[in-house]
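These notes are about the structure you will find just below.
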Amino acid sequence: MARINDNYLKLKAGYLFPEIGRRVTAFTESQPDAAKKLIRCGIGDVTEPLPRAVRNAMHDAIDELGERETFRGYGPEQGYDFLRKAIAENCYRHRDIAIADDEIFVSDGSKCDTGNFLDILGPGNRIAITDPVYPVYVDTNVMIGNTGEADENGAYEGLVYLPCTADNNFVPAIPEEDVDLIYLCYPNNPTGAAATREQLAAWVEYAKAHQAIILYDAAYEAFISDPDVPHSIYEIPGAETCAVEFRSFSKNGGFTGVRCAFTVVPKVLMGMTASGESQALHPLWNRRMCTKFNSVSYPVQRGAEALFSGEGKAEVAELVAHYMGNAKLLSDACLEMGLSVFGGVNAPYIWVGCPQGIDSWGMFDKMLNEANVVITPGTGFGSAGEGYFRISAFNSRANVEEVCKRMQALGL
Ligand code: MLT
């Protein structure tokens with residue numbers, strides 16, 4: 001009989017969002033009338049239409065594919081040069097960060113890339129993750145066999161958990177111990193916290209001193225409003241020798257359904273072979289992409305490129321302003337209710353302390369059953385998330401205003 005990957009059996013009941021989906025389905029089946037009023041502020045999924053600049057570029061690209069003279073088949077596995085250049089110039093070189101076009105690898109998502117990156121990293125790494133954390137970092141390490149079993153709190157043997165609490169502003173302290181891989185996500189999902197330049201510089205210093213690699217997820221960088229918060233880890237000198245950066249068009253360009261993202265792998269970033277020699281990661285990631293991926297479709301890459309046009313930039317700014325306006329409304333509503341509120345300033349997530357005597361899933365159930373609003377329980381992101389819930393600001397303005405009213409009517 002064919003053997004399965006037993007590591008999958010170590011995974012807890014389910015990835016957080018499918019588990020939320022299961023509970024919401026049970027609710028809609030048992031209360032069909034209330035379900036008609038349901039507002040979803042759980043998963044951070046965009047709601048506003050795709051920018052016009054993107055649609056026009058995609059239409060044009062499709063027309064090109066419809067003509068013999070301009071038809072294209074397979075594209076470069078790393079992404080088309082036009083998009084790699086637009087990204088490197090607009091996201092990096094315009095900020096005086098020396099990233100070359102061929103250090104950009106276009107992909108279909110940062111979720112996929114953070115998981116796939118483990119393909120080129122060996123076994124035996126000591127892996128640090130924050131708690132709470134975006135669950136994909138943990139689950140993909142479980143799947144590939146980098147952990148033991150989970151304990152009763154859901155913490156996996158073999159991972160180093162870095163607690164993020166209100167006391168450290170949800171940016172973890174530098175560990176005392178030696179780790180080889182560190183997952184950092186700033187602006188943070190789920191807490192909405194931003195890391196300062198000093199905090200990132202301390203992590204870069206640690207990584208260089210320990211020859212560790214930082215896997216830096218900056219999927220929410222477009223939502224930064226504070227001018228002192230770095231948009232890229234490469235704003236910290238030396239980060240190119242110790243960090244990979246993941247970025248996405250999902251949230252700023254409304255691409256969650258369209259799918260386009262990119263990963264930056266600097267050529268000077270090194271890892272170590274089993275025999276102790278230094279080896280650049282760039283050719284390994286390139287090899288991985290050439291073998292397992294055919295990049296993103298041509299119309300989608302043209303659409304992503306259009307986000308960097310004058311019109312595209314203005315439309316992205318409007319989308320960001322819309323979602324951050326929602327974040328402010330949600331944040332103010334929770335503050336008026338006397339709840340402790342974090343995030344929502346440099347990120348489209350509000351991280352809220354549960355009212356006295358209610359735990360995270362209790363709050364999820366209360367919001368679902370009494371307010372008909374889906375939120376995300378903090379504990380789904382790790383045990384340090386217990387006592388919190390996350391509200392996503394990705395929604396229409398009308399829905400957000402209604403959520404604020406319904407929360408206030410709960411009389412917490
Ligand atoms: C979230 O809600 O945490 C995100 O939407 C998940 C994701 O981007 O994959």
Side-chain angles (χ1 to χ4, degrees), residues 75-93 95 97-121 125 127 129 134 136-137 140-141 144 181-187 189 200 203-204 207 212-222 230-236 239-253 255-256 258-271 279-297 300-301 304-305 307-308:
E77 292 90 343
Q78 306 81 354
Y80 281 103
D81 287 348
F82 63 78
L83 181 56
R84 300 175 91 189
K85 182 170 185 323
I87 292 168
E89 280 189 350
N90 287 280
C91 300
Y92 298 103
R93 295 199 289 265
R95 290 185 186 276
I97 302 168
I99 293 292
D101 298 358
D102 63 356
E103 292 176 312
I104 307 286
F105 292 86
V106 175
S107 78
D108 59 349
S110 291
K111 174 161 98 172
C112 329
D113 277 0
T114 56
N116 290 335
F117 210 79
L118 294 173
D119 271 12
I120 66 162
L121 298 168
N125 283 317
I127 299 160
I129 57 141
Y134 178 45
V136 171
Y137 313 149
T140 52
N141 273 290
I144 206 164
L181 286 182
I182 305 136
Y183 287 84
L184 293 179
C185 170
Y186 288 98
N189 178 12
L200 284 186
W203 275 105
V204 167
I213 293 176
I214 298 173
L215 299 171
Y216 193 70
D217 185 347
Y220 299 93
E221 69 79 30
H231 285 247
S232 164
I233 189 133
Y234 303 123
E235 288 184 40
I236 311 299
E240 65 285 357
T241 64
C242 64
V244 175
E245 182 162 289
F246 303 94
R247 291 253 199 126
S248 167
F249 299 112
S250 282
K251 311 292 158 90
N252 60 345
F255 271 47
T256 53
V258 174
R259 310 305 307 151
C260 195
F262 62 93
T263 290
V264 186
V265 187
K267 289 184 201 134
V268 291
L269 177 65
M270 310 299 272
Q279 165 66 47
L281 271 74
H282 185 277
L284 304 187
W285 184 243
N286 188 51
R287 187 71 168 83
R288 190 258 170 221
M289 295 302 264
C290 290
T291 302
K292 293 196 177 181
F293 195 51
N294 272 320
S295 198
V296 177
S297 76
V300 166
Q301 293 195 54
E305 180 194 28
L307 290 169
F308 297 112

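Keep in mind that this is a model prediction, so the values were computed, not measured.
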Non-hydrogen atoms of [X] and [Y] that approach each other most closely:
X: T140; Y: G115; value: CG2-CA, 3.6 Å
X: A100; Y: K267; value: CB-NZ, 4.3 Å
X: D108; Y: V296; value: N-CG2, 3.8 Å
X: F293; Y: E77; value: O-CG, 3.3 Å
X: P266; Y: A243; value: CD-O, 3.5 Å
X: R259; Y: G109; value: NH2-CA, 3.4 Å

Do [X] and [Y] come close enough that some side-chain heavy atom pair is under 4.5 Å?
X: W285; Y: N116; result: yes
X: T263; Y: V244; result: yes
X: L121; Y: L281; result: yes
X: L83; Y: C260; result: yes
X: R247; Y: S232; result: yes
X: H282; Y: L269; result: no

key: With D119 via salt bridge (Lys or Arg N to Asp or Glu O under 4.0 Å) - residues at least two apart   = R288, K292
task = Output all residues satisfying salt bridge (Lys or Arg N to Asp or Glu O under 4.0 Å) with E240, sequence neighbours left out; order by chain, then residue number.
result = none
How many angstroms lie between [atom1] in [X] and [atom2] in [Y], if you round to the nearest 0.5 Å?
X: Q78; Y: R84; atom1: CD; atom2: CZ; answer: 5.0 Å
X: I104; Y: C91; atom1: CD1; atom2: SG; answer: 7.0 Å
X: L184; Y: I182; atom1: CG; atom2: CD1; answer: 6.5 Å
X: L181; Y: I129; atom1: CG; atom2: CD1; answer: 12.0 Å
X: I127; Y: N141; atom1: CD1; atom2: CG; answer: 4.0 Å
X: N294; Y: M289; atom1: CG; atom2: CE; answer: 10.0 Å

request  = Run the numbers on V264 and Y92 for side chain to side chain contact (heavy atoms under 4.5 Å, CB included), then give the verdict.
outcome  = CA-CA 10 Å; V264 186; Y92 298 103; 3.4 Å; yes
request  = Applying ring-ring contact (aromatic ring centres under 6.0 Å, His included) between F262 and each of Y80, F246, F105, F249, report the one that passes.
outcome  = F249
Trace of the side chain to side chain contact (heavy atoms under 4.5 Å, CB included) decision for M270 with T241 = CA-CA 7 Å; M270 310 299 272; T241 64; over 6 Å; no
inquiry  = Under 3.5 Å, is there a donor on one side chain and an acceptor on the other for E103 and Y234?
reply    = no
query = Hey, does the side chain of E245 reach the backbone of I233 with a donor-acceptor pair shorter than 3.5 angstrom?
reply = yes
ask   = So, does R93 use its side chain to make a donor-acceptor pair with the main chain of N90 at under 3.5 Å?
value = no
For residues 212-219, which side-chain donor-acceptor pairs fall under 3.5 Å, sequence neighbours excluded?
{"residue": "Y216", "atom": "OH", "partner": "Y186", "partner atom": "O", "Å": "3.3"}
{"residue": "D217", "atom": "OD1", "partner": "A219", "partner atom": "N", "Å": "3.1"}
{"residue": "D217", "atom": "OD2", "partner": "Y137", "partner atom": "OH", "Å": "2.6"}

